[in-house]
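Written out below as structure tokens is the structure these notes cover.
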Amino acid sequence: MGIAHFATGAFAPTRRRLAFTSATTSTPTTKTSPPSSALALSDNTNPSSSLPFFAAPTYSSSADAQQQQPPAAAASAVAASSTPQSATVTLRLPLGTLFDGRDYIFVTESNVRGYEWTTKETDILMDDLMDAALGNLGGKLTAAASSDGGGSDISSDGTKPTPPPAIITDYELSQIVLVPTSDWDSNLLGLGNRYDVYDGQQRLVTLNLLLAGLRDSFQREAEELNSGKNKKGGASGGKRAVALAATAIEISGMLTPTKVRKEDVKRITLRKRDNVLLEKILVGGNNNDDDGSMDGNIGDGSGEEKQQQQHQSSLISPSDYTKLSPKGRSTLLSPLSPANARIYNNFVHLSNRLSLLTTRERLRLLDYIVERVYLLVCIPETSRIARNIVMSQGRKGMDNESVDDFKGLVCFRYTLEEEDMYQTFDMWDDLAAEPSFSSLSSSLSSSDGSDPAGNSSTIQSVGRDIISSTCLLRASASLRTKIRSRGGDEVYEWERWLRQELWLKNQRLSQQQAAQQSDSASVESAIQPWQGKQFFVQEIKPASLALYKFRTGQWDEFAFLSKTGKQNITKKQRDAIVSRLNFLRDITMGVTSTKEAEIVILELLLRAEDTENGGSMLSRYLDEILPLIETWTLWMALARPSPMQRHARVFALLDAMDDFDSVGSSGLASSSGDGELAKSLRECMDQYEFGATAGGKRLAAAILQRMNAHLMLEEKKSIPDGVNDAATVDLIQHHWPNEEDREEWANRIGNLALVSSTPRRSSRGAKKTDSSWESKRKRYKKERWLLTKQLAELDQWDAGAVKDQQQDLLSMMDLVWNLGSKGG
């Protein structure tokens, strides 16, 4: 497939998402901007070209047509779309109506979490339904009604007795959120509608499994009656068997609603990889053509090849799933996804529970599910409204978050081939696993000699929160805009970032392809288009790994800092860089007003990591940009500017990284008020009440650790690892004879000492910790911190000593952050 169409127009998502993207895809404030979505058709005159589904103009809708209209017509279309006819619809429907005919056919294209219910959640739903239908909520059977002795609501002549007088209450199964798709072909499928399930997948799939279990139980009993094998005392064959078979057929019509001369459909369809067993269960029937050779020990032949085992497992009828041996289950499930295993386990579990009920109880349960179980069906106009509804409820699937929705976009909507879709999905899952899950494999891979250079990271997973933070930081850097991380709206900005990167990368590839074709007779498919898979591999994964290393302080995992790497930096240079990064790590993780600094820190780390073989570029990043980032991050912590001011400073630093001419003594710092910055930092440092709050103490600890590292580097001493040797601060003077001195100096940084750990609290009845200066001097002498050891050389500690220490620290601040040459 060529890439020309990827590079000539913005990516226009198909179907439901078109209305969403037309409202949210604005031009990003970068040097090179992709065209607006109105140019999705580009100048291609062949609409039948082989385009990806998210770029092809042939997938149009009312929203797509609106984008292609002139401004006046588009404005009219917007006005028309705001009429009540296009409002969100909410209906309270019984399950019998929802599962009747083809008016509601479900797919799960946008539900990235998959089917995740286990037998625990299935049991909760089953217990509720049984209580409502058979227990106190639904009314218990009366003695008169159950005195027929047959244990069935169907008599031998096929008629149904009068139901017992009981109070039946409705069961509300909460809300499901559906978005109509535009791919329903009435010529092939007849009248009906298909909906994408945004919320409710777990319940809908489980209800389908329950109905399939009921269908199989009635069908099995009818077959037993017809064959004379009924063990419950009922008559053989006759109207009773016919009625049970008819009931099974009725349920089959709910699960696979048929229409004459129309193609078959299933009530609900998952993604292809997860839909294997669900489709077989919904269809039902006996697919075993081996003349009874299926005895429940499928796959016992250890010499069979995997392909033959898969073929044999495909012959197993769902009605035989409950009879499989452990090895048979393993053969059936081994080539399938985890979602298939959960579907199998829940179906078998429900079938086993249903087998314990009498025919009467199963019929009553069926009638109750069809007639008295209600769902609140919410059908928004667009996917954006649907996502907002789901996120506002905070209960989609099992702990769904915005990053999971973005995962679905990257893996499925913006990736072309199905194999690549699931490969990207699996790679994302591996990266999102808890880091502890890969610690063993990491240690093994680092010790087997597979990477003698030591440049390859052994980290394989970082956790979902790190990926979410990475997307937030990288999208902010790329779009140069503040992105809020509340309410799920960040997904739209992330998609805008994704679309921009796809456009930029494919435009470059298109230019390369054109150059290749002009130089040689290379075919158009020589260069593959850049899509969601490449976006994950080249953008999300390396950035997530870098952010995880930064937040955990694993500096040796960075190639440009690795002790076994090939970078041309000395030990002193490395220690200086690590001391700056340790300070940035401590301050961004401990002070809320500095979180935006991670945007530019991550950008720096990625650029430094991509710079091969050292050189002047890496040197300028580390020697010029890194000190600027450190100084401005300190300003954010001390001055506590507004979020707008913090983002403006971060974006200015990003621009400086894009243009090295603005860096240096005549660059960014001087142009933004060099002397004013130094003056502001000194004033804030001098007046800040560090000891008054926990956040202030964390900030003071980070600053003192940075100063201590500077001293140790000057004296060529080893620096304590701030990650493994946690530090805090100790208020030196507690008791002040002068109240004015206490108010002015008690919480200043001059009255704080950096300590490795706080003294252990005394137990009840034991002598309290001595807070006298003599006692503290003894403890300070044992500290690893050079700054703290220097304090222990003083004979006394009073207001005068605090003032002197305050001035010494302000002077050291000028040296550490190079403020002495910046005026003030």
Side-chain angles (χ1 to χ4, degrees), residues 435 457 459 462-463 465-470 472-474 476-477 542-563 569 573-609 621-623 625-638 646 649-650 653-654 657 690 694-710 712-713 718-729 754 756-757 784-785 787 813 816-817:
S457 174
I459 300 172
V462 299
D465 291 341
I466 289 289
I467 299 178
S468 180
S469 298
T470 298
L472 197 68
L473 297 172
R474 297 304 293 151
S476 297
S544 298
L545 291 172
L547 183 62
Y548 177 75
K549 297 171 192 175
F550 171 74
R551 288 186 176 180
T552 56
Q554 300 187 49
W555 311 124
D556 201 49
E557 290 287 340
F558 287 101
F560 72 95
L561 288 175
S562 175
K563 295 176 182 178
I569 59 174
Q573 289 174 324
R574 183 186 184 280
D575 288 344
I577 295 170
V578 168
S579 66
R580 294 183 188 277
L581 292 175
N582 271 328
F583 171 72
L584 289 171
R585 173 192 175 274
D586 293 340
I587 201 172
T588 53
M589 296 188 68
V591 182
T592 305
S593 61
T594 63
K595 293 301 293 182
E596 291 84 355
E598 281 191 327
I599 297 174
V600 68
I601 294 170
L602 183 56
E603 178 71 22
L604 173 75
L605 293 174
L606 290 172
R607 294 194 184 197
E609 195 75 347
Y621 281 141
L622 300 178
D623 296 341
I625 294 291
L626 182 58
L628 278 176
I629 295 175
E630 188 183 19
T631 302
W632 282 108
T633 304
L634 177 63
W635 171 76
M636 294 180 192
L638 294 175
R646 299 197 297 267
R649 180 51 47 202
V650 165
L653 289 169
L654 290 173
M657 296 176 68
F690 291 95
K697 291 180 180 179
R698 289 193 298 268
L699 175 57
I703 292 173
L704 292 176
Q705 279 183 284
R706 178 68 180 91
M707 292 179 173
N708 185 84
H710 177 81
M712 290 188 164
L713 285 173
S718 61
I719 304 173
D721 190 344
V723 177
N724 297 325
D725 190 5
T728 184
V729 291
L754 186 65
S756 297
S757 59
R784 298 181 59 190
W785 309 101
L787 274 176
M813 178 184 182
V816 174
W817 287 284

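The structure displayed is predicted, hence computed values, not measured ones.
Annotation for Leu606 and Pro542: closest pair CD2-O, 3.8 Å, computed over non-hydrogen atoms. Closest of all the heavy-atom pairs between Ala700 and Phe690 is CB-CD2, 3.7 Å. In plain terms, the two heavy atoms of Ile703 and Leu638 that are nearest each other are CD1-CD2, 4.3 Å. Counting all heavy atoms, side chain and backbone alike, Ala727 lies closest to Trp785 at CB-CZ2, 3.6 Å. When every heavy atom of Thr588 is checked against every heavy atom of Lys595, the shortest pair comes out as O-CD, 2.9 Å. Ile599 and Ser476 make their closest contact through CD1-CB, 3.7 Å (heavy atoms, listed as atom of the first residue, atom of the second, distance).
In this structure, NE2 on His710 lies 9.5 Å from CE on Met707, to the nearest 0.5 angstrom. In this structure, CD in Glu596 is found 11.0 Å from CD1 in Ile601, a value given to the nearest 0.5 Å. Taken to the nearest 0.5 Å, the CZ atom of Phe550 stands 8.5 Å off from the CE atom of Met589. The distance from the CG atom of Leu472 to the CD1 atom of Ile467 is 13.5 Å, given to the nearest 0.5 Å. Note that the NZ atom of Lys549 and the CG atom of Asp556 stand 10.0 Å from one another [nearest 0.5 Å]. Taking CG from Leu713 and CG from Asp575, the interatomic distance works out to 6.0 Å, rounded to the nearest 0.5 Å.
With Ser593 contributing its side chain and Met636 its backbone, the two residues share a donor-acceptor pair below 3.5 Å. A donor-acceptor distance shorter than 3.5 angstrom exists from the side chain of Arg574 to the backbone of Leu561, with no hydrogens or angles considered. Distance alone, capped at 3.5 Å, is enough to place a donor-acceptor pair between the Glu609 side chain and the Ala559 backbone. In this structure, Asp586 contributes its side chain and Ala702 its backbone to no donor-acceptor pair below 3.5 Å. For Arg698 (side chain) and Gly590 (main-chain N/O), a donor-acceptor pair under 3.5 Å exists by modelled atom type.
The side-chain heavy atoms of Leu634 and Met813, taken from C-beta on, include a pair separated by under 4.5 Å. The closest side-chain heavy-atom distance from Thr470 to Leu547 is below 4.5 Å.
A salt bridge between Arg580 and Glu630 is present, with a side-chain N of the basic residue lying under 4.0 Å from a carboxylate O of the acidic one. The existence of a salt bridge linking Glu598 and Arg551 is confirmed by a sub-4.0 Å separation between a basic side-chain nitrogen and an acidic carboxylate oxygen.
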Worksheet entry | Audit row: Leu626, Leu581, side chain to side chain contact (heavy atoms under 4.5 Å, CB included) steps and yes/no | CA-CA 9 Å; Leu626 182 58; Leu581 292 175; 4.1 Å; yes

Discussion item. Test side chain to side chain contact (heavy atoms under 4.5 Å, CB included) on Ile625 and Leu653; report intermediate values, then the result.
Written reply: CA-CA 8 Å; Ile625 294 291; Leu653 289 169; over 6 Å; no

Practice prompt. Check step by step if side chain to side chain contact (heavy atoms under 4.5 Å, CB included) holds for Val578 and Phe558.
Written response: CA-CA 11 Å; Val578 168; Phe558 287 101; over 6 Å; no

Item to complete: Assess whether side chain to side chain contact (heavy atoms under 4.5 Å, CB included) is satisfied between Arg706 and Trp817, documenting all intermediate values.
Response: CA-CA 10 Å; Arg706 178 68 180 91; Trp817 287 284; 3.6 Å; yes

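Taking the six-membered ring where the residue is Trp, Trp635 and Trp632 present perpendicular rings, their angle passing 60° and hence far from 30°.
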